[in-house]
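Heavy-atom basis, side chains included; hydrogens, waters and symmetry copies ignored. Note that the structure is a prediction, hence the values are computed from the model and not measured.
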Amino acid sequence: MKNNLKKLCLSAVMLALVFVVTRFIQIPIPLGYFNVGNSVILLFCLILDDGYGIAASALGSALADLVSYPVYTVPTLIIKALMPWLFIVLNKKFRDKKPAAIISMAISTLIPLFGYTLTGGIIYKNIVAGFAQFPGLFLEYVANLIIFAALFAPVSKINKLNK
């Protein structure tokens with residue numbers, strides 16, 4: 001019971017932080033915006049590596065889109081649930097190993113990179129339009145990798161103290 005309450009509280013903090021970072025730290029790109037929410041999501045998933053982390057990721061991101069780009073709300077809910085799920089699956093095999101976590105992050109964040117490109121093509125009924133956002137999404141991908149790599153060690157230490 002105590003552990004579930006702790007996870008619920010951490011999930012609420014994670015959801016709020018993902019929302020704030022995604023909603024208020026935005027750089028416009030064609031058909032959307034660039035943000036660093038993915039690094040926040042996956043750093044938190046080092047601590048909440050279960051359904052709580054996945055739900056908080058998806059809901060925090062979807063709420064940010066609901067107030068910024070509502071047409072992306074449902075796709076974001078799906079994309080931002082799949083991304084942390086894949087990260088958690090890949091990372092569980094290599095717990096606390098920075099290179100493996102970075103590789104897990106690099107692989108799992110391909111989901112939003114290509115997911116939003118495809119989503120843009122579907123929403124605007126033109127795959128070329130979807131690819132218009134790809135350069136911005138790729139820069140977002142690289143920026144999130146750098147932030148994740150830089151903050152991995154401190155978050156891992158917090159996680160060790162938390163257990």
Side-chain polar contacts of residues 36-44 - donor-acceptor pairs under 3.5 angstrom, sequence neighbours left out - could you list them?
from	atom 1	to	atom 2	distance (Å)
Asn38	OD1	Lys80	NZ	2.7
Ser39	OG	Val36	O	2.8
Ser39	OG	Asn144	OD1	3.1

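- Ala100 is linked by a side chain to side chain contact (heavy atoms under 4.5 Å, CB included) to Phe94, Lys97, counting only residues two or more places apart in sequence or in another chain.
- No donor-acceptor distance shorter than 3.5 angstrom exists from the side chain of Ser61 to the backbone of Ala58, with no hydrogens or angles considered.
- Taking every heavy atom of both residues into account, Leu110 and Ala106 meet most closely at CG-O, 3.4 Å.
- Listed by first and then second residue, the salt bridge (charged side-chain N to carboxylate O under 4.0 Å, His left out) pairs involving residues 50-73 are Lys7-Asp50 (not counting sequence neighbours).
- Residues Phe148 and Phe87 bring their aromatic ring centres within 6.0 Å.
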Requested in this report: Check the pair Val67 / Phe19 against side chain to side chain contact (heavy atoms under 4.5 Å, CB included), numbers first and verdict last.
Outcome: CA-CA 10 Å; Val67 297; Phe19 171 80; 3.9 Å; yes
Query - Verdict with supporting geometry, Tyr52 and Asn4, side chain to side chain contact (heavy atoms under 4.5 Å, CB included) - result: CA-CA 10 Å; Tyr52 286 90; Asn4 285 341; 3.9 Å; yes
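- Inter-residue side-chain proximity for Leu137 and Phe34 is flagged as unmet; no heavy-atom pair is nearer than 4.5 Å.
- The shortest non-hydrogen separation linking Val18 to Thr22 is O-OG1, 2.7 Å.
- The side chain to side chain donor-acceptor pair (under 3.5 Å) contacts involving residues 100-114 comprise nothing, where partners must be two or more places apart or lie in separate chains.
- A donor-acceptor contact closer than 3.5 angstrom is absent between the side chains of Tyr69 and Thr76.
- Side-chain contact between Phe152 and Ile102 is absent, with no heavy atoms from C-beta onward closer than 4.5 Å.
- Considering only residues two or more places apart in sequence or on other chains, Val142 meets the side chain to side chain contact (heavy atoms under 4.5 Å, CB included) condition with Phe138, Ile146.
- Counting only distance, with no hydrogens or angles, the side chain of Lys98 and the backbone of Ala153 share no donor-acceptor pair below 3.5 Å.
- Judged purely by atom type and a 3.5 angstrom limit, Gln133 uses its side chain to pair as donor or acceptor with the backbone of Tyr116.
- Every residue two or more places apart in sequence or in another chain that forms a ring pair (Phe, Tyr, Trp, His ring centres under 6.0 Å) with Phe134 is listed here: Phe114.
- Cluster membership check: Trp85 shares its hydrophobic cluster with Leu46, using side-chain heavy-atom separations under 4.5 Å among Ile, Leu, Val, Met, Phe, Trp and Tyr.
- With contacts defined as side-chain heavy-atom distances shorter than 4.5 Å, the pair Val21/Asn35 does not qualify.
- Nearest heavy atom pair, residue Thr119 against residue Gly115, reads OG1-O, 2.7 Å.
- Contacts of Ile88 classified as side chain to side chain contact (heavy atoms under 4.5 Å, CB included), with partners at least two apart in sequence or in another chain: Cys45, Asp49, Ile54, Lys92.
- Partners of Ser68 by side chain to side chain contact (heavy atoms under 4.5 Å, CB included), not counting sequence neighbours, listed by chain and number: Arg23, Gln26, Tyr33.
- Annotation: salt bridge (charged side-chain N to carboxylate O under 4.0 Å, His left out) contacts involving residues 144-154, sequence neighbours excluded, are absent.
- The CG atom of Leu82 sits 10.0 Å away from atom CG of Leu77, with the distance rounded to the nearest 0.5 Å.
- When side chains are defined from C-beta on, Ile47 counts as touching Val155, because their heavy atoms get closer than 4.5 Å.
- Between Gly53 and Ser57, the shortest heavy-atom contact is O-OG, 2.6 Å.
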